[in-house]
Amino acid sequence: MLTIQISSDWCSLVIDARFMIHNSHREGVSGFHDRDPQLRHLAACSLRYRSPLLDILSNQTPGIHTLGGGRQTGKSTLLKQWMSELINHGTPPESITYLNGELIDDHHSLLMHMQNHLDSAPADLINTLIVDEVTYIRDWDKAIKYAADAGLLEHTEVMITGSDLAFIREARMRFPRRRGASPGDFHLHPLSFREYVSLTGAIEHPDDLPQGNAETINSKVMDCLYESFDRYLLHGGYLIAINDLERHGQIRRSTLATYADRIRGDVVKRGKQEAYLREILSAVIRHYGSQITWNAMAQDLSIDHPKTIANYVALLDRMDALCVIPAIREDRLAAAPKKAKKVFFRDPFILYALRAWLYPSEATFKAQIQSATADSVWVSRIVEATVASHCQRIHPTFYIKAQTEVDVAYVHQNRFWPIEIKWTNQLRPKTLKQIARYDNGEIWSKSRVFSEINSVNVAPLPLRLLRF
């Protein structure tokens, strides 16, 4: 292991040189933002976002905490912002260490690096240890468990992160009574539509827009709201894509390729086959927005076993790449396990990135958008997926499979709330029979005014989406 000695007025530490690029705060606080790769990239962005999670993380609490989220959502950047804010509020730089799990082989190596951090940290203060992408480390939990059992973490705030959300569930099971008095489990999503509108500042106080009478909203504000939604359907809240559009007028091919490569790499590292991944993602696109079973999907693929398809989809769901929406059992407010499911990409940006990989002949962003949005059916599918994904961030989310279908039904306050998505210029009463059966159902539409059809409330979709 290559090590270097860092010495200054406040720190003397032997540290693996591979990690120094992420621990440049130890070389001197004043140049941290200029030296750190994530903070340097953030400073170059036209639109910079400060997550509300930072206010929670800044309350240094000893324990084992987790941060999950898909690739390219900004977990590493969030951690660097956190480090910066801790230092700005007086935390000694030597009490903070950042480890990249992609560079650590197993739990023995992880424990050694953890011990190096603990030996250098001030004994009388709460110190912070970050292990980013911990799931790359073989048997990582053994090192964390040993350190906790040995009493080494009594004054340490450990933050472990991963792009496979199963690690949060595993941490809860593997570290009972070892995680501290108030452990935090956090999930970082791409920006919601509301967060994106707030970030751009194009609409003042978007949270204050009335949800019951669009006529009181200035027409220019409503125009801006719909224009913002159109752009959201391109970047999906991914900050890297938002800034591409802001600076270049389109999402760069390299940005799309970076995400697709990360997903492919993560899947292969988990023992899966890239050929199967390609087939399954292509099938998701072919059946986009439709009800599907794994058995039916297997009939179109070279994959013999439906269980194999289910395993790949479950992995991509845990990686926040796919969004699986089951049918609801209305009497139990739970999934109907034997009914078909609907499978979406969790975000429009993911759809475009993986389409660029699957169909390289249309890999430019412009070609993808044109091919997807020229068909009004595809636009409606993308809008439905966006609404379903937003609901699923906060509530258990399903669709209704009855005499006809209702697109989304989320569970809140011990009842389900049905939503029919109609991103068209004309509503046809005969297609709304099922939603009319529910006294709390709503139609979220392309219309810019509130109305009623078949005794069902009709609301402007972008305005409603601001609530999530």
Side-chain angles (χ1 to χ4, degrees), residues 18 66-73 75-76 99-111 113 131-145 160-175 185 187-188 256-287 292-324 341 343-347 350-351 353-360:
R18 295 174 300 170
T66 64
L67 173 65
R71 283 294 191 174
Q72 301 294 114
T73 52
K75 294 190 300 298
S76 297
L99 301 176
N100 188 330
E102 295 180 83
L103 302 177
I104 301 174
D105 292 329
D106 56 28
H107 63 291
H108 296 293
S109 297
L110 174 58
L111 185 60
H113 291 300
V131 187
D132 199 7
E133 295 297 344
V134 72
T135 51
Y136 279 98
I137 306 171
R138 188 168 60 253
D139 296 328
W140 61 270
D141 56 300
K142 292 182 179 179
I144 303 291
K145 180 178 179 296
I160 55 177
T161 86
S163 299
D164 184 339
L165 297 174
F167 92 98
I168 294 180
R169 182 176 64 252
E170 292 171 359
R172 292 193 185 113
M173 293 187 300
R174 297 183 185 187
F175 307 134
D185 295 310
H187 189 159
L188 185 64
L256 299 171
T258 296
Y259 178 86
D261 289 346
R262 289 281 193 174
I263 289 291
R264 291 160 57 195
D266 286 352
V267 170
V268 170
K269 286 177 181 177
R270 287 163 175 80
K272 305 298 185 182
Q273 298 183 38
E274 186 173 312
Y276 282 4
L277 174 66
R278 181 184 290 273
E279 283 196 68
I280 290 169
L281 292 175
S282 297
V284 169
I285 290 176
R286 287 197 303 274
H287 298 284
I292 190 69
T293 65
W294 311 138
N295 285 324
M297 190 179 289
Q299 293 176 6
D300 296 336
L301 308 179
S302 67
I303 304 171
D304 295 328
H305 301 291
K307 188 175 181 180
T308 301
I309 297 173
N311 288 339
Y312 274 74
V313 171
L315 173 60
L316 291 165
D317 187 7
R318 297 198 313 265
M319 293 167 60
D320 265 4
L322 290 182
C323 177
V324 180
K341 298 175 174 60
V343 183
F344 298 107
F345 291 102
R346 196 168 289 276
D347 191 276
I350 300 175
L351 167 65
L354 293 177
R355 268 187 66 156
W357 170 55
L358 294 169
Y359 312 116

Who are the side chain to side chain donor-acceptor pair (under 3.5 Å) partners of [X], not counting sequence neighbours?
X: T161; result: D132
X: D139; result: none
X: K341; result: none
X: Q72; result: none

For [X], enumerate each residue passing the side chain to side chain contact (heavy atoms under 4.5 Å, CB included) test, keeping only those at least two apart in sequence or located in another chain.
X: D141; value: R174, F175
X: A166; value: D164, R169, E170, R318
X: Q273; value: Y276, Y312
X: H187; value: L165, H189, D320

Would you give the length of the straight line joining atom [atom1] of [X] to atom [atom2] of [Y], rounded to the nearest 0.5 angstrom?
X: I280; Y: I309; atom1: CD1; atom2: CD1; result: 5.5 Å
X: I144; Y: I137; atom1: CD1; atom2: CD1; result: 7.5 Å
X: N100; Y: S76; atom1: CG; atom2: OG; result: 7.0 Å
X: L110; Y: D105; atom1: CG; atom2: CG; result: 11.0 Å
X: Y259; Y: T73; atom1: OH; atom2: OG1; result: 9.0 Å

For [X], salt bridge (Lys or Arg N to Asp or Glu O under 4.0 Å) partners two or more places apart:
X: D347; result: none
X: R286; result: none
X: K75; result: E133

Nearest heavy atoms of [X] and [Y], plus distance in Å:
X: D266; Y: R71; answer: OD2-NE, 2.8 Å
X: A321; Y: I263; answer: CB-CD1, 4.1 Å
X: I292; Y: V343; answer: CG2-CG2, 4.3 Å
X: S282; Y: L358; answer: OG-CD2, 3.7 Å

message = Run the side-chain contact (heavy atoms from CB on, under 4.5 Å) test on V131 and W140 for me, step by step, so that the C-alpha distance in whole Å, both residues' side-chain angles and the decisive distance to 0.1 Å come before the verdict.
response = CA-CA 10 Å; V131 187; W140 61 270; over 6 Å; no
Side chains of [X] and [Y]: does their closest heavy-atom pair fall under 4.5 Å?
X: I104; Y: Y136; answer: no
X: T135; Y: R270; answer: yes
X: Y359; Y: I285; answer: yes

key: R346 side chain vs L322 backbone, donor-acceptor pair below 3.5 Å   = yes
Using distance only, find each side-chain donor-acceptor pair of residues 297-308 under 3.5 Å and give its atom names and separation, not counting sequence neighbours.
unit_1: S302; atom_1: OG; unit_2: E279; atom_2: OE1; d: 3.3
unit_1: S302; atom_1: OG; unit_2: E279; atom_2: OE2; d: 2.4

query = Do the charged groups of D261 and R264 touch, with an N to O distance under 4.0 Å?
reply =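 Yes, this pair counts.
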request  = List the steps, then state whether side-chain contact (heavy atoms from CB on, under 4.5 Å) holds for L281 with F345.
outcome  = CA-CA 9 Å; L281 292 175; F345 291 102; 3.8 Å; yes
task = Check the pair M319 / V267 against side-chain contact (heavy atoms from CB on, under 4.5 Å), numbers first and verdict last.
result = CA-CA 9 Å; M319 293 167 60; V267 170; 4.1 Å; yes
request  = Run the numbers on K272 and N311 for side-chain contact (heavy atoms from CB on, under 4.5 Å), then give the verdict.
outcome  = CA-CA 10 Å; K272 305 298 185 182; N311 288 339; 4.1 Å; yes
